2 protein chains.
Amino acid sequence: MAATKSSQPGDVRQRILGESTRLFAARGFEGTSLQALADAVGVRKPSLLYHFDSKEAIRDQVIDDLLNHFRDEIPRRLAAAQGGLDRFASAVSALLEFFREDPDRARLVLREVLDQPEATQERLLTHLQPWVHLVTDYIRMGQQSGRVRGDVDPEVYLMQVVMMVLGTVASAPVTGALLDRDEDPGMPRRIDELIRMARVGLFVDRDEEKRSGTGTGTGTGTGTGTG
Amino acid sequence: MAATKSSQPGDVRQRILGESTRLFAARGFEGTSLQALADAVGVRKPSLLYHFDSKEAIRDQVIDDLLNHFRDEIPRRLAAAQGGLDRFASAVSALLEFFREDPDRARLVLREVLDQPEATQERLLTHLQPWVHLVTDYIRMGQQSGRVRGDVDPEVYLMQVVMMVLGTVASAPVTGALLDRDEDPGMPRRIDELIRMARVGLFVDRDEEKRSGTGTGTGTGTGTGTG
DNA sequence: CCTACCGATCGGTAGG
DNA sequence: CCTACCGATCGGTAGG
């Protein structure tokens, strides 16, 4: 039942990578057989190994594509973005949306961290270090200007924000139910809270009105609403 | 090569669970064969299935033991703790140390979230909901007294802190290298920053001196948290 | 807790 | 990109 039978040149190769992303994210690398992958793509098993040297080679390509896409896309989005939100929220949202667009990206990264700590460490260093330096330099500038808290550890701060992003996106189906009873469908509560924590964790509270007691909607639209 | 040959009654069963924890955490459930597990325990493969009905049954027991231990241990530690740290830092440290004592716990939880979102959701609800309510009620009390920011979403805040804890511990070998160049050996930087972010994300900045410019040690001095 | 054994499936190859 | 096929290993069982 190969519903789609096309013959574009790199088409099958790309479909293999696409289905691998989905299956590796959902079931893990070890939990995904070449047979299951071939079925998903709509080809025979040996065809996978015509396009790639081994199952491992498929994994490597999937991860490299993901990291390259991240590296190319994030700076572009940070430059653009700012759709109605302030600069900081735009930046965090850009990061968040990259993974929200395809939650498999977050799951895949977490799986690689767990499955291959050393190889992943090296890969992340290679692909992400320029981006890390960009962000941390920016934070340090903010510290010198006094807008950013002096006790922020720039690299670690960034790492923790990324952790929240990955965790929030990857565990979306699980954490929804832990929010007392409502499901936080488009996950606005988790997004708002993530941005809020990232913000107050970074910036000096300027002319902050001392909020106390019930949280009046401060425009974040959090609304605990659980009664 | 069965280096250890003991005959305590529940001994083998416990050793199976212990080695399963280690192997499932490191390689995942699908990445761990019964043969590899038997080798690690020092018995023959069928012996595993004398103690447990199936490989799945081993996984279930490992997870249940972990969650039960968490449920029993955390309240106890929250009550005790406070070794030189303020109340809040003690609480976060208690959570952190539970996973730091055995990072496999964090890896296992993350793997279960990825491998079995639905089953894990239900398990977490069952085991953790009382604890979640305890914490979130406490946060809400703080909000009414004005010490806690009104715009904090208690459930989501807790979830995000847990995310940072799990991410920090599970990815320790990976993230060490991303911290520019130093390795943050006992991971004090990551711990301090986590506690700092959790703190400023929760509490109203009281008589906060406007820190600006270079961050002089502001007395967060949470140290390594290990006391 | 062991020996002996099972059918099914694994990643991968030969050869076209 | 396919058919045909490989040895190795998978989770699990029989029977003691």
Side-chain angles (χ1 to χ4, degrees), chain A residues 1-64 108 111-112 115-116 119, chain B residues 1-64 108 111-112 115-116 119:
Chain A
M1 307 314 188
T4 19
K5 194 75 180 182
S6 58
S7 25
Q8 304 284 350
D11 185 45
V12 171
R13 192 171 200 273
Q14 282 308 311
R15 295 218 323 272
I16 292 172
L17 293 173
E19 295 300 327
S20 296
T21 300
R22 283 184 34 212
L23 289 170
F24 290 166
R27 312 179 190 176
F29 178 78
E30 301 286 352
T32 303
S33 66
L34 287 179
Q35 188 60 63
L37 179 55
D39 291 347
V41 176
V43 298
R44 303 292 178 170
K45 193 174 56 161
S47 302
L48 302 177
L49 299 165
Y50 163 78
H51 289 283
F52 297 92
D53 286 342
S54 66
K55 193 188 174 191
E56 268 292 336
I58 300 178
R59 168 195 228 152
D60 287 345
Q61 196 60 54
V62 166
I63 302 299
D64 275 343
L108 222 41
R111 282 195 186 276
E112 286 298 305
D115 285 348
Q116 318 194 87
Chain B
M1 306 307 234
T4 19
K5 194 77 181 183
S6 59
S7 27
Q8 304 284 347
D11 186 45
V12 172
R13 191 170 201 273
Q14 283 308 311
R15 296 220 318 275
I16 292 173
L17 293 173
E19 294 299 327
S20 297
T21 300
R22 284 184 33 214
L23 289 170
F24 291 167
R27 312 179 190 176
F29 179 78
E30 301 285 353
T32 303
S33 65
L34 287 179
Q35 187 60 63
L37 179 54
D39 291 347
V41 176
V43 297
R44 303 293 178 168
K45 193 174 56 162
S47 302
L48 302 177
L49 299 165
Y50 162 78
H51 290 283
F52 297 93
D53 287 342
S54 65
K55 193 187 173 189
E56 268 292 336
I58 299 178
R59 169 195 226 150
D60 287 344
Q61 196 58 55
V62 166
I63 302 298
D64 275 343
L108 221 42
R111 282 196 186 275
E112 287 298 304
D115 285 347
Q116 317 194 88

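All values reported here derive from a predicted model rather than from experimental measurement.
- Sequence neighbours left out, the pairs with a member in residues 26-48 of chain A that pass ring pair (Phe, Tyr, Trp, His ring centres under 6.0 Å) are F24(A)-F29(A).
- Listed by first and then second residue, the salt bridge (charged side-chain N to carboxylate O under 4.0 Å, His left out) pairs that reach into residues 19-30 of chain B are E19(B)-R22(B), sequence neighbours excluded.
- For L48(B) and dC10(D), the CG to P distance is 12 Å, given to the nearest whole Å.
- The salt bridge (charged side-chain N to carboxylate O under 4.0 Å, His left out) test applied to D39(A) returns no partner, not counting sequence neighbours.
- Partners of Q14(B) by side-chain hydrogen bond (donor to acceptor under 3.5 Å, both in side chains), not counting sequence neighbours: none found.
- A57(A) is linked by a side chain to side chain contact (heavy atoms under 4.5 Å, CB included) to F52(A), D53(A), S54(A), counting only residues two or more places apart in sequence or in another chain.
- When the C1' atom of dC10(D) is taken as reference, atom CG of L37(B) falls 14 Å away, rounded to whole Å.
- Remark: R44(B) pairs with no residue by the salt bridge (charged side-chain N to carboxylate O under 4.0 Å, His left out) rule, at least two apart or across chains.
- Mapped onto DNA chain C by nearest heavy atom, Y50(A) and S47(B) fall at different nucleotides, with S47(B) at the one closer to the 5' end.
- Residues satisfying the salt bridge (charged side-chain N to carboxylate O under 4.0 Å, His left out) criterion with R59(A), sequence neighbours excluded, are E56(A), E112(A), D115(A).
- Residue D39(A) contributes atom CG, which lies 11 Å from atom P of dC2(D) at whole-angstrom precision.
- Judged purely by atom type and a 3.5 angstrom limit, R111(B) uses its side chain to pair as donor or acceptor with the backbone of A26(B).
- When base pairs are accepted only as Watson-Crick or G-U wobble with both N-N or N-O distances under 3.5 Å, DNA chain C takes part in stems of 3 or more pairs at C:1-16 with D:1-16.
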What are the atom names and distances for every N/O pair under 3.5 Å that joins the protein to nucleotides 11-13 of chain D?
unit_1: dG11(D); atom_1: OP1; unit_2: T32(B); atom_2: O; d: 3.4
unit_1: dG11(D); atom_1: OP1; unit_2: K55(B); atom_2: NZ; d: 2.7
unit_1: dG11(D); atom_1: OP2; unit_2: L34(B); atom_2: N; d: 2.8
unit_1: dG11(D); atom_1: N7; unit_2: K45(B); atom_2: NZ; d: 3.0
unit_1: dG11(D); atom_1: O6; unit_2: K45(B); atom_2: NZ; d: 3.3
unit_1: dG12(D); atom_1: OP2; unit_2: K55(B); atom_2: N; d: 2.8
unit_1: dG12(D); atom_1: O6; unit_2: K45(B); atom_2: NZ; d: 3.2

